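Have a look at the structure below before the remarks.
Computed from a predicted model, the values in this text were never measured in an experiment. Sequential numbering from 1 along the given sequence is applied to the chain's residues.
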Amino acid sequence: MAGMGMYVPGAGAGRKQIPLKKGYSLGHWIDKTNKEGDKLAGRRGRPEPISLEELAKHCSEDDMWMALQGKVYNVTPYVPYHPGGSAELMRAAGGDGTQLFHEIHPWINIERFLGKCYIGPLAHGSAGNSLLVPGQIRSSPLSRSAGASAPAKKMLRRPDLPGPAPRGVAGGGPASTGGVAKKTLQMPRKSSYQTQDNAVLVFYGLDFGAVGLFDSVSDRVVARADGSTVHVTIATTQGQYRVLMALSGSVRDEAIIEYNEAEGKLLVKLPKTEQSHWPTIGSFETEAYDAMTSSRGGGGCTLVAVHPLTHNTSVYSVLPPDSDGSWECQLGQHLQVRVPGGKDGGGSAVRSYTPIGSGGLLGKIQKESPPGVIQLLVKRYPDGIVSSHIAGLSLGDKLMCSKPLGAGGPPLDGLTSLGMVAAGTGITPMVPYVGEASRREIPVSLVFCNKSEKDILLKEELDLAEGIGFRTTHVLSAPTDEWKGTRGRVTADVLKSALAPPAPTTLVLICGPVSFCRQVDIMLRKLGHHTYVFS
């Protein structure tokens, strides 16, 4: 997306302006929007929430939808007017282009140029502002039409657990490797109101910082409803907030998240079970907390062992400050790790890591580590503040960690087969599932995608586990000439041959880069599989 409505030389290194046909200038586009108005959206009636599944269907030049800042637009009529050409727009077609948009032209007013193309809000109930559905099992169209049902789990967040981890959020005040930095978090201004259709909670003055492509504001806001009880957790650069609402009526667990960046205003819309006007909206309590230092938070963990896996990845074993059982991690939960140094050189940076557990693939590593440790698989990135800090620690140093966060991943109850598709460090949340599946005697098939042989994590452990009940198919995009396994990218044919056939009692876990997960998820569901995508 070289420019939304205009092209500015130098905006986006390496991007070229594409000559436009006569009659397709910026002025012509504005005239078109004024003349045709809401007809450009291509849909009539009241805007309805757009699910990820629906959004992903519209990903071609002649049928292109795109999510920007939590809103879905029909970009199709704008394609010939785009100075960067259709190829740039295709980078976010059928997905969330918010970060890409702001990286290239943050000065552009989206509403001004695409307001008439607005279709509806991106449904938070299906994935917030992400292309994927973290924490939700999804059925394939084939299995739904056949009347099959996927294993399901109520993903209501426990009220005693802190909220979602802001991925890559810098902030949170000073931190040190050896102690706990105290910080007073100010409560955000808030209000509430209701309509016939929704109960609405409004927050003001929130700052979510920079967000990545397919990692938007709604990824940092989690709202879970159970009848008239609603839990909302918000992760911002200022801190984390938890809201407990006791509504006067019942709402559906399908919250819609809207955010106005210019005003810092966040709206959490909760659809009412039945259209009505309640006497009062109800009551709510708001708490500001620090996931590292609150009473239910964490503290300084001690680095007790380092186990190198590849040239840039190791397993770091840290010992929690207490052994009261509160650090025990459920399947699919994660920790927040805070280190000094935000983007401006001050403050702190936070990143989430999923502990890889004990047993299963980690028998050897576990035996060499003290009891009660937490193992974090960390890949060091040259520009990664958190990973570089961890890589520079010495044994005995402290690492600020939160206690386990999140509602956890899917249960294995009732499954007869478990599939896994991982790329790179996406193997991390799979590891504890291998151990749990082994204990339950559930066969596991893993498709593991990497660049080259040297990038394969836990290669020795995977080879040792190969056999009855566990099978790995390696896919390398740039292997050496000596490689005898599968080459190139993962395809539907590879998935079909490597995984067990789809069935109501099978599930495939997916983890890796967002674009990878999106493509794999689509292929698997077309094959008829139930899927679960880790965020």
Side-chain angles (χ1 to χ4, degrees), residues 168 177-178 300-320 327 329 334-341 349-401 420 422-435 438 446-466 470 472 474-480 482-483 485 511-513 534:
T177 56
C301 295
T302 304
L303 180 64
V304 296
V306 179
H307 303 272
L309 297 180
T310 68
H311 60 291
N312 60 1
T313 306
S314 299
V315 173
Y316 293 84
S317 299
V318 297
L319 190 65
W327 289 84
C329 198
H334 61 269
L335 308 180
Q336 286 184 356
V337 174
R338 175 186 293 167
V339 304
V350 176
R351 186 181 174 110
S352 297
Y353 289 98
T354 301
I356 52 179
S358 60
L361 297 176
L362 298 177
K364 180 180 178 181
I365 295 176
Q366 187 70 20
K367 290 179 181 178
E368 297 175 358
S369 302
V373 300
I374 296 172
Q375 271 128 1
L376 305 176
L377 189 151
V378 180
K379 179 178 180 179
R380 181 176 184 179
Y381 296 92
D383 57 349
I385 297 175
V386 178
S387 63
S388 296
H389 177 89
I390 295 174
L393 294 177
S394 300
L395 297 183
D397 286 347
K398 300 290 184 180
L399 183 65
M400 292 300 297
C401 300
M420 301 176 175
T425 54
I427 190 68
T428 303
M430 310 297 186
V431 175
Y433 272 92
V434 172
S438 176
L446 167 67
V447 178
F448 196 14
C449 305
N450 289 282
K451 184 176 181 180
S452 65
E453 293 93 323
K454 69 176 183 178
D455 298 306
I456 300 176
L457 303 174
L458 298 169
K459 178 66 164 61
E460 181 180 347
E461 288 75 15
L462 291 172
D463 291 342
L464 289 174
E466 193 76 21
F470 186 83
T472 302
H474 292 284
V475 180
L476 300 185
S477 60
T480 63
E482 291 74 26
W483 178 249
C511 191
F534 286 99

- Checking side-chain contact (heavy atoms from CB on, under 4.5 Å) for the pair Leu458/Ile356: CA distance, chi angles, key distance, verdict? CA-CA 11 Å; Leu458 298 169; Ile356 52 179; 5.6 Å; no
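- In plain terms, the two heavy atoms of Ala423 and Pro513 that are nearest each other are CB-CD, 3.8 Å.
- Between His307 and Ala305, the shortest heavy-atom contact is NE2-CB, 3.8 Å.
- Side chain of Ser438 to backbone of Val434: no donor-acceptor contact under 3.5 angstrom is found.
- Checking side-chain atoms of Asp455 against main-chain N and O of Ser452 turns up a donor-acceptor pair under 3.5 Å.
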- Using the side-chain contact (heavy atoms from CB on, under 4.5 Å) rule, take Val337 and Arg351 through it: C-alpha gap first, then chi angles, then the decisive distance, then the call. CA-CA 5 Å; Val337 174; Arg351 186 181 174 110; 5.5 Å; no
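- Inter-residue side-chain proximity for Lys459 and His474 is flagged as met; some heavy-atom pair is nearer than 4.5 Å.
- In this structure, Arg380 CZ and Thr310 OG1 are separated by 12.5 Å, a value rounded to the nearest 0.5 Å.
- In this structure, CG on Leu377 lies 9.0 Å from CD1 on Ile427, to the nearest 0.5 angstrom.
- Atom CG of residue Asp463 and atom OG1 of residue Thr472 lie 7.5 Å apart, to the nearest 0.5 angstrom.
- The shortest non-hydrogen separation linking Leu476 to Lys451 is CB-O, 3.8 Å.
- Of the candidates Leu376, Thr354, Val318, Leu376 is the only one forming a side chain to side chain contact (heavy atoms under 4.5 Å, CB included) with Leu335.
- Atom CG in Leu462 sits 5.0 Å away from atom CZ in Phe470 (nearest 0.5 Å).
- Among Ser317, Ser394, Ser314, the one residue that satisfies the side chain to side chain contact (heavy atoms under 4.5 Å, CB included) test with Val306 is Ser314.
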- Message: For a side-chain contact (heavy atoms from CB on, under 4.5 Å) check, start with the C-alpha distance between Val386 and Val378, then their side-chain angles and the critical distance, and finish with the verdict.
- Response: CA-CA 9 Å; Val386 178; Val378 180; over 6 Å; no
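- Looking at Thr428, its side chain does come within 3.5 Å of a backbone N or O of Thr425 through a donor-acceptor pair.
- Of all the heavy atoms in Leu399 and His389, the pair that sits closest is CD1-CD2, 4.4 Å.
- Smallest separation of non-hydrogen atoms from Ser387 and Lys379: CB-O, 3.3 Å.
- Ser388 and Tyr381 make their closest contact through OG-O, 3.2 Å (heavy atoms, listed as atom of the first residue, atom of the second, distance).
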- Could you walk me through whether Ile390 and Tyr353 pass the side-chain contact (heavy atoms from CB on, under 4.5 Å) check? CA-CA 12 Å; Ile390 295 174; Tyr353 289 98; 4.0 Å; yes
